[in-house]
Amino acid sequence: MPELPEIEVLRRSLEPRLRGRRIVDVAVHSPALREPLDRRRLSKLAGRRIERLGRRSKYLLVEVEGEETLVVHLGMSGRLTLAPAAAAPEAHEHLTLALDADEKLRLRDPRRFGLAFVARTKRLERDPHFRHLGLEPLAGELDGERFTALAAGRRGPVKSFLMDGRLVVGVGNIYATEALHRAGIHPARSVARIGRERWQRLAGAVIEVLEQAIREGGTTLNDFADGEGREGEFQISLGVYGRDGEECPRCGGIVRRIVQAGRSSFYCAGCQR
DNA sequence: CGGGCGGCCTGGAGGC
DNA sequence: TGCCTCCAGGCCGCCC
C-alpha cells in the first residue's frame, strides 16, 4: 500500500524531527525481512548524526554522517515511527534506532515485505535495488513525450506499464488505477493503442493524483501512517479504487472490478475506454 | 527477451 | 462465537 505519496508524506513528517539528531544505539530484534537485516552493518550507524532525509521511488533514504545512507522500504505493511525511548516494544518491531533526547525510531512490519539496509551514499544509484529504477514522476521527468518513447515497441496493458518500476517509479496499484480513471483510459487498453494526446493526458493525471495524495497525507486503507502515527485521508478522494458497484463520481457510470496480473483493477464502464 | 504470474507473509474481513 | 478461506499488493524470480 505505501506508494510514492505515502513515502513522501513519511519523509516530510520525519525530516524536521530527525535532521541533526544523533543515533546513539541500534537494535535488531528480528532480522527476518524480505532480505535479512545485516546486524553488523546496521550497528555501525550508532554514534552518527542524521544529516537529511531523501526519497527515491518508494525507498526512504536516511543520510548519516560518513557518507552512508540507511535505506528503508515499507513493503506492504511497514511503519516507521518516532516514539519515546521508554515506550514498550511493538509486535513485529524489527529495527530500533535509539536517538538522543530520549526518543527512538522504530520499524515495524508484520508482513515482512519490507527492507532496511545501509549503503554508501555515493554508490546508491549503482546499488542493485536502485540500478534499474525508472522515471521519478515528481522530478519533472514525466510527460507525454517520455511516455510515448517508453511505450514504443512495447505490448501489454497500460496498467502494467504504469506499475513497471523499470519505466516509472512510485506508482502502485492504487495510484495507477486512479490515474487511469482521471485520464479516461481503460486499464486493459494495450499501450500500442494509445496515441500522443492520451499519453499526455495520462502523464498529467499521474502527476496530479500523486501530488494531491501527498497534500492529503497519503492513502490509509489499513496500515499506513506517517512518522508520528498520523493516518492519511486520500482514501476519501479515491474515484474508483475499491468502489466496485458504486457510481463513478465523474460521470455516474458503474465502477467495475477486474483482475489483471493477479491484481484488482477498478474502472468506470462509462468514462474509461 | 519481455510479459505474466506465483510466492513471500500476516491480519482482517466475511461466510457458514 | 469460532473456524476456515480469501484477499490485500511491492517486488523478485521463474516460466513460457
Side-chain angles (χ1 to χ4, degrees), chain A residues 1-10 29-37 55-61 71-80 90-95 107-117 119 127-137 149-180 187-194 206 209-210 213 218-225 231-232 234-235 238 240-245 256-267:
Chain A
M1 185 195 329
E3 304 179 31
L4 185 154
E6 287 72 35
I7 305 309
E8 184 58 25
V9 166
L10 177 68
H29 308 290
S30 154
L33 287 182
R34 180 152 56 87
E35 295 167 15
L37 296 181
R55 180 192 57 75
R56 171 75 169 112
S57 180
K58 298 168 188 169
Y59 296 90
L60 182 75
L61 310 175
V71 180
V72 177
H73 193 291
L74 297 185
M76 287 299 307
S77 61
R79 273 195 192 204
L80 188 68
E90 300 175 291
H92 306 290
E93 187 172 327
H94 289 85
L95 174 68
L107 176 63
R108 180 180 92 106
D109 186 0
R111 291 177 64 187
R112 299 196 254 141
F113 287 170
L115 212 51
F117 62 95
D127 183 277
H129 299 89
F130 290 78
R131 205 174 340 187
H132 301 292
L133 293 180
L135 300 177
E136 192 64 55
L150 282 178
R154 258 170 201 287
R155 300 176 292 117
V158 61
K159 186 172 173 246
S160 303
F161 172 93
L162 282 182
M163 290 178 64
D164 188 335
R166 294 165 300 182
L167 306 175
V168 197
V169 303
V171 183
N173 203 36
I174 294 174
Y175 297 112
T177 296
E178 291 296 305
L180 287 165
R189 175 172 282 269
S190 164
V191 292
R193 295 184 57 246
I194 295 180
V206 169
V209 76
L210 296 177
T219 301
T220 300
L221 295 180
N222 293 302
D223 302 301
F224 175 70
E231 300 195 334
F234 187 76
Q235 60 276 15
L238 293 171
V240 288
Y241 185 87
R243 304 207 188 281
D244 190 18
R256 304 210 184 281
R257 174 182 181 269
I258 54 173
V259 175
Q260 293 180 279
R263 224 122 265 169
S264 286
S265 288
F266 301 88
Y267 69 97

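Letters A, B, ... are given to chains in the order of the sequence lines, protein chains preceding strands, and every chain is numbered from 1.
- For A:Phe234 and A:Tyr175, the ring centers are positioned less than 6.0 Å apart.
- Rounded to whole Å, atom C1' of B:dT10 lies 17 Å from atom CD of A:Glu93.
- Nucleic acid contact class of A:Arg257 (heavy atoms, under 4.0 Å, all strands): sugar-phosphate only.
- Ion pairing between a basic and an acidic side chain is recognised when a charged N comes within 4.0 Å of a carboxylate O; A:Glu231 and A:Arg79 show such pairing.
- On the P atoms, C:dC6 is 14 Å away from B:dG6, given to the nearest whole Å.
- Rounded to whole Å, the separation between the P atoms of C:dC7 and B:dC5 comes to 16 Å.
- Taking atom P in both B:dC9 and C:dC14, one finds a spacing of 16 Å when rounded to whole Å.
- With hydrogens and angles left out, the side chain of A:Arg112 and the base of B:dC9 share no donor-acceptor pair within 3.5 Å.
- Put simply, NE2 on A:His132 is 13 Å from P on B:dC1, counting in whole angstrom units.
- Across the protein-nucleic acid pair, A:Glu90 atom CD and B:dG11 atom C1' stand 15 Å apart, rounded to whole Å.
- Counting to the nearest Å, the C1' atom of C:dC12 and the CG atom of A:Leu115 are 11 Å from each other.
- Taking 4.5 Å as the limit, some side-chain heavy atom of A:Phe130 sits within range of a side-chain heavy atom of A:Leu61.
- The side chain of A:Lys58 approaches C:dG10 more closely than any other nucleotide in the set C:dG10, B:dG11, C:dC12.
- In this entry the distance linking CG of A:Asp109 with P of B:dT10 reads 10 Å, nearest Å.
- A close approach under 4.0 Å does occur between a side-chain nitrogen or oxygen of A:His92 and OP1 or OP2 of B:dG11.
- Separating the CZ atom of A:Phe113 from the P atom of B:dG11 is a distance of 12 Å, rounded to the nearest angstrom.
- Where A:Arg263 and A:Pro157 each meet DNA chain B at their nearest nucleotide, the meeting point lying more 5' is that of A:Pro157.
- Close to C:dA8, at under 4.0 Å from its OP1 or OP2, lies a side-chain N or O of A:Ser264.
- B:dG14 atom P lies 14 Å from atom CG of A:Asp244, rounded to whole Å.
- If you measure from atom CE of A:Met163 to atom C1' of C:dA8, you get 12 Å, rounded to the nearest angstrom.
- A:Ile174 and A:Leu238 get closest at one heavy-atom pair: CG2-CD2, 3.8 Å.
- Within a 6.0 Å sphere centred on CZ of A:Arg131, other residues, nucleotides and ligands contribute more than 12 heavy atoms.
- An OP1 or OP2 oxygen of B:dG11 is reached within less than 4.0 angstrom by no side-chain nitrogen or oxygen of A:Arg111.
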